[in-house]
K.L.:
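Just passing along the structure, written as structure tokens.
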Amino acid sequence: MLENLNITKKFPFVMISFALLSALVTGIIAYTNTSEELKTAAQDKLFSLLESRKATLHHYFYDISNDVLFHAQSPAIRNALSAFSIAWTELGNSPTEQLQSAYVEQNPYADGQKSAFLQAKNDTRYDQVHAQYHPTFLNLTTLNHYHDLFLFDTQGNLVYTVAKESDFATNILTGEWAHTHLASTFMAIMNTTQPSKVIFEDFQLYPPSNNEPAGFIGTKITDADDVVIGVLILQMPISPLNTVMQVTAGMGKSGETYIVGPDKLMRSDSRFFTGESILKTRVDTPSVDMALAGHSGVHIITDYRGISVYSAYAPFNFAQLRWMIAAEVDEHEIMQPIYNMNYFLFISTSI
């Protein structure tokens with residue numbers, strides 16, 4: 001067809017063809033390079049957000065480790081444990097029955113609010129000691145968002161708690177709750193030979209706390225001569241973990257960070273689900289497998305909601321805790337700028 005055209009018509013046609021071809025090739029190259037750069041930048045940003053959350057989480061657990069050590073070595077805890085232990089002994093052969101009757105069964109406050117009860121007024125030394133120390137420990141747990149504070153003697157007698165749940169005044173080694181992870185926390189603390197060793201126990205459902213998730217942290221209590229006189233354990237709260245993990249700054253509309261334990265159940269709540277996800281939502285993804293095996297990285301997977309996401313993953317280890325941490329954003333949100341660029345390139349090339 002071009003052979004039948006004269007040179008004055010051939011030349012513009014050829015030039016236009018080359019120009020269109022050049023624009024097309026340039027557009028394809030620009031799209032390919034830019035899209036790869038955008039993907040890389042998105043992955044780098046996601047992994048940076050993951051590392052930021054991980055560092056904040058480490059700082060949180062470091063703080064509560066120091067917190068439990070500080071309180072275990074304080075004169076207030078030492079004196080309180082000694083006083084409660086003496087008062088416990090004076091109750092004779094039935095301290096559990098007497099204390100549960102006075103502070104749990106006859107407690108005028110509803111379940112979940114029994115910590116408000118200050119004094120049974122039954123003329124016992126225990127009641128006097130309780131009235132003296134309970135306001136301090138109630139204030140400590142409230143300000144630091146701990147669910148409960150436990151004081152044990154060396155025989156496993158739970159001589160004091162703030163919350164006054166059904167574990168109060170029982171023996172954690174021989175009593176009703178000897179099978180719980182509070183019992184295993186106490187035994188791990190007593191069995192350690194390291195001074196000032198802090199023991200963490202991962203979250204599990206805890207029957208005395210309405211079968212809600214509970215994690216524990218504790219250490220030995222020693223007297224002025226470094227003789228072990230008992231154990232301090234704090235019941236860790238969930239809300240600070242959620243506060244750390246549910247920061248949405250930089251995560252876009254679909255991004256989230258969360259923690260998963262070795263049982264592949266969440267240890268923090270999903271921002272996309274109503275109610276608690278901890279110990280209820282199972283996350284069985286390649287990211288979890290890789291992170292629990294000690295690896296870090298970013299890849300595209302189908303997440304626990306069945307959505308394709310960019311997933312950054314890394315192990316999280318602190319003391320006895322062996323978790324993984326993930327930061328994820330929907331693939332569609334990551335790719336949207338690339339889709340938009342592709343559209344505008346197509347329009348500009350067509351024009």
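Remember, predicted model here, so these are calculated numbers, not experimental data.
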K.L.:
Under the criterion side chain to side chain contact (heavy atoms under 4.5 Å, CB included), which of Asp148, Ile217, Thr185 is the partner of Gln235?
P.N.:
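That would be Asp148; it is the only one of Asp148, Ile217, Thr185 passing the side chain to side chain contact (heavy atoms under 4.5 Å, CB included) with Gln235.
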
K.L.:
Check whether any side-chain N or O of Arg267 sits under 3.5 Å from a backbone N or O of Leu265 as a donor-acceptor pair, and report yes or no.
P.N.:
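A pair under 3.5 Å: yes.
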
K.L.:
Ignoring hydrogens and geometry beyond distance, is a side-chain donor-acceptor pair present between Gln73 and Thr219 at under 3.5 Å?
P.N.:
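No, no side-chain donor-acceptor pair sits under 3.5 Å.
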
K.L.:
Does the side chain of Trp323 come within less than 4.5 Å of Val260's, by heavy atoms?
P.N.:
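Counting from C-beta outward, Val260 and Trp323 never come under 4.5 Å.
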
K.L.:
Side chains of Phe200 and Ser65: closer than 4.5 Å at any heavy-atom pair?
P.N.:
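Answer yes - side chains close enough.
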
K.L.:
So, does Gln43 use its side chain to make a donor-acceptor pair with the main chain of His299 at under 3.5 Å?
P.N.:
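No; judged by distance alone, with no hydrogens or angles, the pair does not exist.
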
K.L.:
Indicate yes or no for a side-chain donor-acceptor contact from Asp127 to the backbone of Lys121 under 3.5 Å, with no hydrogens or angles considered.
P.N.:
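Such a contact is found between Asp127 side chain and Lys121 backbone.
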
K.L.:
Of all heavy-atom pairs between Leu205 and Leu279, which one has the smallest distance, and what is that distance?
P.N.:
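Residues Leu205 and Leu279, closest heavy atoms: N-CD1, 3.7 Å.
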
K.L.:
So Lys253 and Asp330, salt bridge (charged side-chain N to carboxylate O under 4.0 Å, His left out) or not? Walk me through it.
P.N.:
CA-CA 9 Å; Lys253 295 180 179 180; Asp330 290 3; over 6 Å; no

K.L.:
Is Phe117 close to Pro108 at the side-chain level, that is, under 4.5 Å between some pair of heavy atoms?
P.N.:
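Yes - at least one pair of side-chain heavy atoms lies under 4.5 Å apart.
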
K.L.:
Hey, can you tell me if Tyr126 and Phe84 have their rings parallel, tilted or perpendicular (30° and 60° cut-offs)?
P.N.:
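The rings of Tyr126 and Phe84 sit tilted, inter-plane angle from 30° to 60°.
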
K.L.:
Between Phe168, Tyr160, Phe216, which is the residue that forms a side chain to side chain contact (heavy atoms under 4.5 Å, CB included) with Phe150?
P.N.:
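Exactly one pass, corresponding to Phe216.
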
K.L.:
Any donor-acceptor pair under 3.5 Å linking the side chain of Glu331 with the backbone of Ser308?
P.N.:
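It does not hold such a pair.
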
K.L.:
Verify the distance criterion only: is there a donor paired with an acceptor across the side chains of Ser287 and Ser311 at less than 3.5 Å?
P.N.:
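Yes, because at least one side-chain N or O of Ser287 sits under 3.5 Å from a partner of the opposite role on Ser311.
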
K.L.:
Does any part of the side chain of Ser296, heavy atoms only, come nearer than 4.5 Å to the side chain of Phe47, both counted from C-beta?
P.N.:
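With C-beta onward as the side chain, the pair touches.
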
K.L.:
Examine the side chains of Ser270 and Tyr304 and answer whether a donor and an acceptor come within less than 3.5 Å of each other.
P.N.:
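There is such a pair between these side chains.
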
K.L.:
Hey, does the side chain of Arg282 reach the backbone of Asp263 with a donor-acceptor pair shorter than 3.5 angstrom?
P.N.:
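Between the backbone of Asp263 and the side chain of Arg282 there is a qualifying donor-acceptor contact (under 3.5 Å).
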
K.L.:
Tell me whether Arg78 at atom CZ has more than 12 heavy atoms from other residues, nucleotides or ligands lying less than 6.0 Å away.
P.N.:
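Yes, because the 6.0 Å sphere around CZ of Arg78 holds more than 12 heavy atoms from other groups.
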
K.L.:
If Ile, Leu, Val, Met, Phe, Trp and Tyr residues are connected whenever their side-chain heavy atoms lie under 4.5 Å apart, and connections chain through other members, are Tyr313 and Val298 in the same group?
P.N.:
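No; Val298 is not reachable from Tyr313 via cluster members.
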
K.L.:
Less than 4.0 Å between a side-chain N and a carboxylate O, is that true for Lys264 and Asp289?
P.N.:
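Yes, Asp289 and Lys264 are salt-bridged.
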
K.L.:
What distance do Ile221 atom CD1 and His71 atom NE2 have between them, rounded to the nearest 0.5 Å?
P.N.:
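Result: 11.5 Å between the selected atoms.
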
K.L.:
Answer yes or no: is there a side-chain heavy-atom contact under 4.5 Å between Lys197 and Ile189?
P.N.:
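Heavy-atom side-chain distance check fails, nothing below 4.5 Å.
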
K.L.:
Could you state whether Leu234 and Ile64 fall into the same hydrophobic cluster, counting links through intermediate Ile, Leu, Val, Met, Phe, Trp or Tyr residues with side-chain heavy atoms under 4.5 angstrom apart?
P.N.:
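Cluster IDs for Leu234 and Ile64 match.
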
K.L.:
Is His147 reaching over with its side chain to a backbone N or O of Ser209, donor-acceptor style, under 3.5 angstrom?
P.N.:
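Judged by distance alone, no pair lies under 3.5 Å.
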
K.L.:
Do other residues, nucleotides or ligands put more than 12 heavy atoms under 6.0 Å from Asn211 CG?
P.N.:
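Enclosed.
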
K.L.:
Check the hydrophobic clustering (I, L, V, M, F, W, Y; side-chain heavy atoms under 4.5 Å; chains of links allowed) and say if Met236 and Leu57 are grouped together.
P.N.:
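They do share one cluster, since a chain of ILVMFWY contacts under 4.5 Å joins Met236 to Leu57.
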
K.L.:
For residues 217-239, pull every pair meeting ring pair (Phe, Tyr, Trp, His ring centres under 6.0 Å), keeping only residues two or more places apart or in separate chains.
P.N.:
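Residue pairs passing ring pair (Phe, Tyr, Trp, His ring centres under 6.0 Å), neighbours aside: none found.
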
K.L.:
Does atom CG (Asp284) have a neighbourhood of more than 12 heavy atoms from anything else shown, all under 6.0 Å?
P.N.:
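Yes.
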
K.L.:
Would Leu149 and Ile233 count as a side-chain contact (heavy atoms from CB on, under 4.5 Å) if you check the C-alpha gap in whole Å, the side-chain angles of each, and the deciding distance to 0.1 Å?
P.N.:
CA-CA 6 Å; Leu149 180 151; Ile233 295 178; over 6 Å; no

K.L.:
Parallel, tilted or perpendicular: which fits the ring planes of Trp177 and His179, with parallel below 30° and perpendicular above 60°?
P.N.:
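Rings of Trp177 and His179: tilted, as their planes differ by 30° to 60°.
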
K.L.:
Could you check if a side-chain atom of Thr222 sits within less than 4.5 angstrom of a side-chain atom of Val227, using non-hydrogen atoms only?
P.N.:
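With C-beta onward as the side chain, the pair stays apart.
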
K.L.:
Taking atom CE of Met187 and atom CG of Leu182, what is their separation to the nearest 0.5 Å?
P.N.:
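So the CE of Met187 and the CG of Leu182 are separated by 9.5 Å.
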
K.L.:
Treating Asn157 as the side-chain partner and Asp153 as the backbone partner, does any N or O pair qualify as donor plus acceptor under 3.5 Å?
P.N.:
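Pair absent, no side-chain N/O of Asn157 close to backbone of Asp153.
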
K.L.:
Provide the closest heavy-atom pair for Pro262 versus Asp202 in the form atom of the first, atom of the second, distance.
P.N.:
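That would be CD-OD2, 3.9 Å.
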
K.L.:
Answer yes or no: is there a donor N or O on one side and an acceptor on the other, between the side chain of Thr89 and the main chain of Ser85, under 3.5 Å?
P.N.:
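Yes, because the side chain of Thr89 sits within donor-acceptor range (under 3.5 Å) of the backbone of Ser85.
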
K.L.:
With a 4.5 Å heavy-atom cut-off, do Ile172 and Thr180 have their side chains touching?
P.N.:
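Result yes, sub-4.5 Å side-chain heavy-atom pair found.
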
K.L.:
Near Tyr62 OH, under 6.0 Å, is it more than 12 heavy atoms from other residues, nucleotides or ligands?
P.N.:
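No - once you tally the heavy atoms of other residues, nucleotides and ligands closer than 6.0 Å, there are 12 at most.
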
K.L.:
Look up atom OG1 in Thr161 and atom CG in Leu151, then write down how far apart they are to the nearest 0.5 Å.
P.N.:
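That separation rounds to 9.0 Å.
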
K.L.:
Given the rule in the side-chain contact (heavy atoms from CB on, under 4.5 Å) test, do Phe316 and Lys54 qualify, once you have shown the distances and angles that lead to the verdict?
P.N.:
CA-CA 7 Å; Phe316 177 83; Lys54 184 176 178 181; 3.9 Å; yes

K.L.:
Quick one: pull up CG in Leu118 and NE2 in His134 and give me the separation to the nearest 0.5 Å.
P.N.:
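It is 6.5 Å, given to the nearest 0.5 Å.
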
K.L.:
When you measure from the centre of the six-membered ring of Phe272, is the NZ or CZ of Arg305 closer than 6.0 Å and no more than 45° off the axis?
P.N.:
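Geometry flag: set, cation within 6.0 Å and 45°.
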
K.L.:
Is a salt bridge present between Arg271 and Glu256, judged by a nitrogen-to-oxygen distance below 4.0 Å?
P.N.:
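Glu256 and Arg271: not salt-bridged.
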
K.L.:
For Tyr109, does the OH atom sit with more than 12 other heavy atoms under 6.0 Å from it, leaving out its own atoms?
P.N.:
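Incorrect, the count does not exceed 12.
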
K.L.:
Check the pair Tyr60 / Leu241 against side-chain contact (heavy atoms from CB on, under 4.5 Å), numbers first and verdict last.
P.N.:
CA-CA 8 Å; Tyr60 165 70; Leu241 292 179; 3.8 Å; yes

K.L.:
Can Gln100 and Thr96 be counted as having a side-chain donor-acceptor contact under 3.5 angstrom?
P.N.:
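Their side chains do not contain a donor-acceptor pair, so the 3.5 Å distance test is not met.
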
K.L.:
Grab the two heavy atoms, one from Leu173 and one from Ala178, that are nearest each other, plus how far apart they are.
P.N.:
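Scanning both residues, the minimum pair turns out to be O-CB, 3.4 Å.
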
K.L.:
Before you tell me yes or no, could you show the steps for Tyr310 and Glu328 under side-chain contact (heavy atoms from CB on, under 4.5 Å), namely the whole-Å CA-CA distance, both residues' side-chain angles and the distance that decides it to 0.1 Å?
P.N.:
CA-CA 6 Å; Tyr310 274 76; Glu328 296 176 347; over 6 Å; no

K.L.:
State, yes or no, whether a side-chain contact exists between Pro315 and Met324 at a heavy-atom distance under 4.5 Å.
P.N.:
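Answer no - side chains too far apart.
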
K.L.:
Quick one about Glu176 and Thr170 (side-chain donor to acceptor, distance below 3.5 Å, no hydrogens or angles considered), yes or no?
P.N.:
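There is no such pair (donor and acceptor under 3.5 Å, judged by atom type) between the side chains of Thr170 and Glu176.
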
K.L.:
Taking Thr141 for the side chain and Phe137 for the main chain, is one N or O donor matched with an acceptor at less than 3.5 Å?
P.N.:
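The answer is yes, because a donor-acceptor pair under 3.5 Å joins these two groups.
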
K.L.:
In terms of relative ring orientation, are Tyr206 and His181 parallel, tilted or perpendicular, with 30° and 60° separating the classes?
P.N.:
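Judged by the thresholds at 30° and 60°, the geometry between Tyr206 and His181 is perpendicular.
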
K.L.:
Answer yes if the ring centres of Tyr103 and His130 are under 6.0 angstrom apart, and no otherwise.
P.N.:
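Yes, ring centres under 6.0 Å apart.
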
K.L.:
With no hydrogens and no angle check, just 3.5 Å: does a side-chain donor-acceptor pair link Thr136 and Asn139?
P.N.:
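No - no donor-acceptor pair under 3.5 Å links their side chains.
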
K.L.:
In terms of hydrophobic clusters joined by side-chain contacts under 4.5 Å, are Val288 and Ile301 together?
P.N.:
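Different clusters: Val288 never reaches Ile301 through Ile, Leu, Val, Met, Phe, Trp or Tyr contacts under 4.5 Å.
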
K.L.:
Near Gln155 CD, under 6.0 Å, is it more than 12 heavy atoms from other residues, nucleotides or ligands?
P.N.:
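12 or below, so no.
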
K.L.:
Donor-acceptor check, side chain of Lys114 to backbone of Val104, threshold 3.5 angstrom: yes or no?
P.N.:
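Such a contact is found between Lys114 side chain and Val104 backbone.
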
K.L.:
Under a plain distance cut-off of 3.5 Å, with no hydrogens placed, do Ser101 and Gln106 share a side-chain donor-acceptor pair?
P.N.:
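Looking only at side-chain atoms, Ser101 and Gln106 do form a donor-acceptor pair, the distance falling under 3.5 Å.
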
